[in-house]
Amino acid sequence: VQLQASGGGLVQAGDSLRLSCVISGRTFNPYAMAWFRQALGQEREFVAVITWYGMDTTYGDSVKGRFTISTDNAKSTVFLLMNSLKPEDTAVYYCAESQRAGDFYYYTSRSAYDYWGQGTQVTVSS
């Protein structure tokens, strides 16, 4: 399975940005698809997850109400719409896919994911 993230860039505080993650090479349907982010010098942080069955979503506290995760009809592309961006949102954003069954708490952990994209840089200036 290959994941290719894109859509990052340099924006100003308050702007919006939409990230995309194209997923190819699947043999089996995943249980969940997610976005994480990693700021310089910090650990990788959970951002959002969407489940394959039911399309349920959950978000990290720092992005709740501002970010929206979604997929296309074929579920081969995962999007992250980011509104009201803040300088603290600056990070490399990674998409990931899980082939494991679990609950939402499980999917907030990096260890739940089997495949990762290469990351796309988002920089928000003040």
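Since the model is a prediction, treat every value here as computed from it, not as a measurement.
- In terms of the side chain to side chain donor-acceptor pair (under 3.5 Å) criterion, residue partners of S16 (sequence neighbours excluded) are, by chain and number, N83.
- Across every non-hydrogen atom of Y115 and L3, the tightest pair is CB-CD1, 3.5 Å.
- With a 4.5 Å cut-off on side-chain heavy atoms, V63 and R37 count as touching.
- The backbone N or O of W52 sits less than 3.5 Å from a side-chain atom of K75, completing a donor-acceptor pair.
- Residue-environment remark: OH (Y59) exceeds the threshold of 12 foreign heavy atoms within 6.0 Å.
- Legend: residues meeting side chain to side chain donor-acceptor pair (under 3.5 Å) with S111, ordered by chain and number and at least two apart, are S109.
- Scored by the side-chain contact (heavy atoms from CB on, under 4.5 Å) test, Q38 finds R44, Y94 as partners (sequence neighbours excluded).
- Inter-residue side-chain proximity for W35 and V78 is flagged as met; some heavy-atom pair is nearer than 4.5 Å.
- Nearest heavy atom pair, residue Y107 against residue G102, reads OH-N, 3.1 Å.
- In this structure the side chain of S98 never reaches within 4.5 angstrom of the side chain of P30, judged on heavy atoms.
- When the side chain to side chain donor-acceptor pair (under 3.5 Å) test is applied to D56, no partner is found at least two apart in sequence or on another chain.
- A distance of 5.5 Å separates CE in M33 from CD1 in I23, rounded to the nearest 0.5 Å.
- Considering only residues two or more places apart in sequence or on other chains, Q118 meets the side-chain contact (heavy atoms from CB on, under 4.5 Å) condition with Q4, A5.
- Atom CD of Q2 is separated from atom SG of C21 by 11.0 Å, given to the nearest 0.5 angstrom.
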Side-chain polar contacts of residues 64-71 - donor-acceptor pairs under 3.5 angstrom, sequence neighbours left out - could you list them?
from : atom 1 : to  : atom 2 : distance (Å)
K64  : NZ     : D61 : OD1    : 3.1
R66  : NH1    : S84 : O      : 2.9
R66  : NH1    : D89 : OD2    : 2.8
R66  : NH2    : S62 : O      : 2.9
R66  : NH2    : D89 : OD1    : 2.9
R66  : NH2    : D89 : OD2    : 3.4

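- No path of Ile, Leu, Val, Met, Phe, Trp and Tyr side chains, each step under 4.5 Å between heavy atoms, connects M82 with F79, placing them in separate hydrophobic clusters.
- Listed by chain and number, the residues in a side chain to side chain donor-acceptor pair (under 3.5 Å) with T123 are Q121 (sequence neighbours excluded).
- Sorted by first and then second residue, the pairs that involve residues 18-36 and meet salt bridge (Lys or Arg N to Asp or Glu O under 4.0 Å), not counting sequence neighbours, are R26-E97.
- In this structure, CG on L10 lies 10.0 Å from CG on L17, to the nearest 0.5 angstrom.
- To the nearest 0.5 Å, atom OG1 of residue T90 and atom CG of residue L40 are 10.5 Å apart.
- Dense packing is recorded around OH of Y53, with more than 12 heavy atoms of other residues, nucleotides or ligands lying under 6.0 Å away.
- Under the ring-ring contact (aromatic ring centres under 6.0 Å, His included) criterion, F36 pairs with F46, Y113, W116, not counting sequence neighbours.
- Grouping the Ile, Leu, Val, Met, Phe, Trp and Tyr side chains by contacts below 4.5 angstrom, directly or via other members, places L19 with V11.
- At a threshold of 4.5 Å between non-hydrogen side-chain atoms, the residues T108 and V49 do not count as touching.
- Take V22 and apply the side-chain contact (heavy atoms from CB on, under 4.5 Å) test, not counting sequence neighbours, and it matches T77.
- With sequence neighbours left out, Q12 forms a side-chain contact (heavy atoms from CB on, under 4.5 Å) with D15, S125.
- Pairs passing the salt bridge (Lys or Arg N to Asp or Glu O under 4.0 Å) check and including a residue from residues 109-124, sequence neighbours excluded, read E43-R110, R100-D114.
- By the rule that hydrophobic residues join a cluster once side-chain heavy atoms approach within less than 4.5 Å of another member, L81 and V122 end up as members of separate clusters.
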